[in-house]
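Written out below as structure tokens is the structure these notes cover.
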Amino acid sequence: MRIAIATTSAGRVELLDPDGGLHLDCDAAELPERVARLEAEAAPRWVWRDTREWAPRLLGAGVRVARCHDLRLCGAILASSTAVAAGGSIVRERPTWLPAGPAEGGLDPAAAPAPSVDRGPALFDFEPAPRGKAHGSPSVADLAREHDRQVALAAASDRPSSMRLLLAAESAGALIAAELHAAGLPWRRSVHERVLEESLGPRRPVGGKPARMEELAVAVRRELEAPALRLDSQADLLRALRAAGIGVDSTAKWELREHEHPAVAPLLAYKRLARLLSANGWAWLDEWVVDERFRADYVAGGTATGRWATSGGGALQLPKAVRAAVVADPGWSLVVADASQLEPRVLAALARDPAMAAAGRGRDMYRSIVDAGVVATRDEAKVALLGAMYGATTGDSGRLVPQLARAYPRAMALVDRAARDGEAGRQVTTLLGRSSPLPPPSWHVAQAAASQPDATAVEERRARSSAREWGRFTRNFVVQGTAAEWALCWLAGVRTRLAAMEAGGTRAAASGPVFERAPHLVYFLHDELIVHTPADQADAVADAVRAAAEEAGRLLFGDAPVEFPLDLAVTGSYASVGA
DNA sequence: TAGCCTAGCGCC
DNA sequence: AAAGGGCGCTAGGCTA
């Protein structure tokens with residue numbers, strides 16, 4: 001059963017089951033109660049334009065739904081997928097009231113920057129969606145028609161069941177993103193403050209530089225003989241470094257590291273502290289941590305490959321140093337799990353490369369590659385695999401890739417094919433059917449110019465370089481994008497299992513917000529998740545997380561002989577996990 | 001003054 | 001250790 005849900009012009013909310021008798025409208029204030037009742041009775045798939053319009057208000061009232069179809073996100077996938085048939089009688093155009101997906105570039109073509117010839121093609125100045133700005137308010141009948149259209153497109157695609165899975169997983173991801181925000185990541189303010197004070201010194205008034213940074217700045221100025229130097233100005237710093245005889249072309253730390261000079265060590269230490277202060281210092285704590293919870297703004301489907309993005313808070317780049325502040329509530333535990341070596345395993349399964357799949361059956365894929373005699377050391381195996389997936393051509397990585405190619409020809413052929421497609425300006429597509437964006441018009445212009453008889457050497461070199469650049473993007477896209485699909489299925493499977501635990505457990509009858517009484521997801525980062533759970537349910541949660549990983553492997557790859565082992569820990573603190 | 005761009009660096 | 005892919009965020013510095 002499905003129920004479309006929309007706001008009416010009168011500001012009320014309308015619900016429609018287009019296949020059954022249900023059609024009602026209600027006051028917005030009654031909505032959560034209505035939805036909760038329908039959810040309990042019929043467990044429908046909720047069809048709405050945008051999960052962000054509905055999930056937060058439902059969650060705010062303590063109501064969760066099991067399934068939805070996010071027309072915006074699914075419409076974006078279908079609109080660009082090469083798996084969706086070009087011909088046929090189904091309308092390909094999205095309705096005007098449907099906004100573009102988050103990774104499709106600007107909504108308004110007029111607002112997009114004009115292609116610049118001088119600047120050359122940038123990798124990511126995407127073509128905006130070929131439509132105007134979203135406008136108008138859809139009725140529930142509009143939503144139902146659009147849902148029919150999307151379902152029909154999926155059914156007519158060259159992989160209907162995969163596409164249905166992708167749309168369901170994408171929609172589940174949108175729900176989970178809203179739930180992660182509502183639940184918040186447990187964050188112990190006092191622990192974070194201790195980390196800051198131990199490295200920076202006590203908090204200073206606004207504008208004041210922490211004591212430890214000031215000491216280091218004094219040392220740097222002394223060693224550079226630049227008593228008035230402002231270390232925060234890259235331009236000034238670079239001049240001072242060169243004046244002191246340090247031959248750097250930038251102030252980047254990997255370049256500084258190469259030089260033996262007494263100013264380098266305190267400068268690197270200063271930069272490390274400056275980064276901590278500006279990215280995750282007291283100001284961040286004040287802004288983002290409220291009532292011992294960090295509530296990130298996740299953007300489901302926010303990147304071209306299907307990985308999530310965030311807007312604000314930097315949840316996808318929490319430095320290791322501050323993760324100590326992620327601490328379970330008293331009587332609760334964290335179940336922290338990540339899929340180890342996910343992308344190389346995905347490549348092995350995707351390419352159906354029997355030799356690489358054999359390596360992917362082991363607990364440590366890199367070690368297995370060494371044991372198979374492909375390369376000499378585990379480190380070489382890692383570098384070679386990453387190089388194959390990312391398109392490395394130079395350095396150790398580029399040197400090792402040919403050895404890998406000999407041992408795993410099918411896997412190598414898959415990523416090489418993806419790279420050639422990208423270099424030629426073609427789209428590539430993940431296992432479940434998400435396609436890469438096309439390169440921007442400026443890219444095509446540069447390619448065309450370089451193929452003219454009168455092209456200059458500079459034009460040809462630039463065109464070749466941008467072609468290879470796009471090829472590296474598409475090479476990586478198929479692996480990263482399919483890995484994101486695995487992760488999304490895993491995440492959704494965990495959510496479903498936690499919901500079942502909640503319903504079956506003795507706590508179900510308890511009152512209060514669901515996030516205060518039952519195991520729930522609190523963090524997701526590409527191939528890693530955290531569940532916050534009452535301590536006595538932690539083992540059951542761990543089992544659920546493992547079961548969901550196995551299920552994700554089966555959903556994507558059937559019986560392909562590749563395993564997706566988890567590194568999993570039941571812990572009180574995120575700091576105690578990993579290296 | 002607001003908005004845009006780049007450098008730099010954190011994460012996977 | 002850096003290199004290849006994907007990101008977000010901040011500060012500084014420039015332009016409109």
Side-chain angles (χ1 to χ4, degrees), chain A residues 102-103 111 113 116 119 122-125 230-238 248-258 267-268 270-281 283-284 287-288 296-299 301-323 338-344 347 379-380 382-401 415 418-419 422 428 436-437 468-484 487 523-529 574 578-579:
Chain A
S116 158
R119 194 160 53 88
L123 195 49
F124 289 112
D125 53 339
R230 302 177 302 149
L231 275 77
D232 300 321
S233 164
Q234 287 160 36
D236 292 357
L237 179 57
L238 184 59
V248 287
D249 294 318
S250 77
T251 64
K253 68 176 180 185
W254 44 83
E255 204 176 343
L256 287 166
R257 250 190 320 241
E258 304 302 313
L267 177 54
L268 290 175
Y270 177 91
K271 288 165 76 78
R272 195 172 51 78
L273 294 183
R275 169 77 190 185
L276 176 64
L277 176 65
S278 67
N280 295 98
W284 181 90
E287 183 176 356
W288 288 100
D297 291 321
Y298 292 96
V299 184
T303 78
T305 61
R307 275 187 175 182
W308 289 11
T310 56
S311 70
L316 303 187
Q317 52 212 89
L318 292 178
K320 295 251 172 27
V322 305
R323 292 185 182 186
D338 74 277
S340 54
Q341 306 164 346
L342 176 60
E343 293 192 357
L347 172 57
D379 211 43
E380 284 184 346
K382 181 176 180 173
V383 166
L385 255 182
L386 292 177
M389 292 187 296
Y390 294 153
T393 54
T394 59
D396 288 350
S397 187
R399 187 169 52 74
L400 291 163
V401 168
V415 288
V428 297
S436 63
R468 295 223 174 98
E469 196 176 4
W470 198 266
R472 284 195 297 276
F473 167 54
T474 52
R475 172 191 292 270
N476 184 247
F477 184 96
V478 291
V479 178
Q480 185 184 122
T482 304
Y523 191 61
F524 176 55
L525 176 58
H526 307 321
D527 62 358
E528 176 172 2
L529 60 80
Y574 195 16

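Every chain is numbered from 1 and lettered A, B, ... according to where its sequence line falls, protein lines coming before strand lines.
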### Task
Check the distance between C:dG12's C1' and A:Arg230's CZ and give it to me in whole angstrom.
8 Å
#### Entry: A:Arg472: partners by side-chain contact (heavy atoms from CB on, under 4.5 Å), with sequence neighbours left out
A:Arg468, A:Glu469
### Task
Measure the distance from CG on A:Asn280 to P on C:dG8 and round it to the nearest whole Å.
16 Å
### Task
Can you tell me the distance, in whole Å, between the CZ atom of A:Arg475 and the P atom of C:dG6?
13 Å
### Query
Reckon A:Gly302 touches a base, only the sugar-phosphate, or nothing at all at heavy-atom distances under 4.0 Å?
nothing
### Query
With a 4.5 Å heavy-atom cut-off, do A:Arg307 and A:Leu316 have their side chains touching?
no
### Query
Could you give the NZ-to-C1' distance, from A:Lys382 to C:dG4, as a whole number of Å?
14 Å
#### Entry: Atom-to-atom span, CG of A:Asp297 to P of C:dC7 - whole angstrom
19 Å
### Protein proximity profile, nucleotides 7-12 of chain B - base contact B, sugar-phosphate-only contact S, no contact -, cut-off 4.0 Å on heavy atoms
SBBBBB
### Query
In whole angstroms, how far is the C1' atom of C:dT10 from the OH atom of A:Tyr270?
13 Å
### Query
Quick one: A:Arg472 CZ to C:dC7 C1', roughly how many Å, whole number?
17 Å
#### Entry: Whole-Å gap separating P (C:dT10) and CG (A:Leu273)
18 Å
### Query
At under 4.0 Å between heavy atoms, what does A:Asp379 touch on the DNA or RNA strands: base, sugar-phosphate, or nothing?
base
### Query
For A:Gly314, which contact category applies under a 4.0 Å heavy-atom criterion: base, sugar-phosphate, or nothing?
sugar-phosphate
### Message
Please compare A:Ser278 and A:Glu255 by the position of their nearest nucleotide in DNA chain C and report the one closer to 5'.
### Response
A:Glu255
### Query
With side chains defined as the heavy atoms from C-beta onward, is the minimum distance between A:Val415 and A:Phe477 less than 4.5 Å?
no
### Message
Categorize A:Val479 for me: base, sugar-phosphate, or nothing, with a 4.0 angstrom heavy-atom threshold over every strand shown.
### Response
nothing
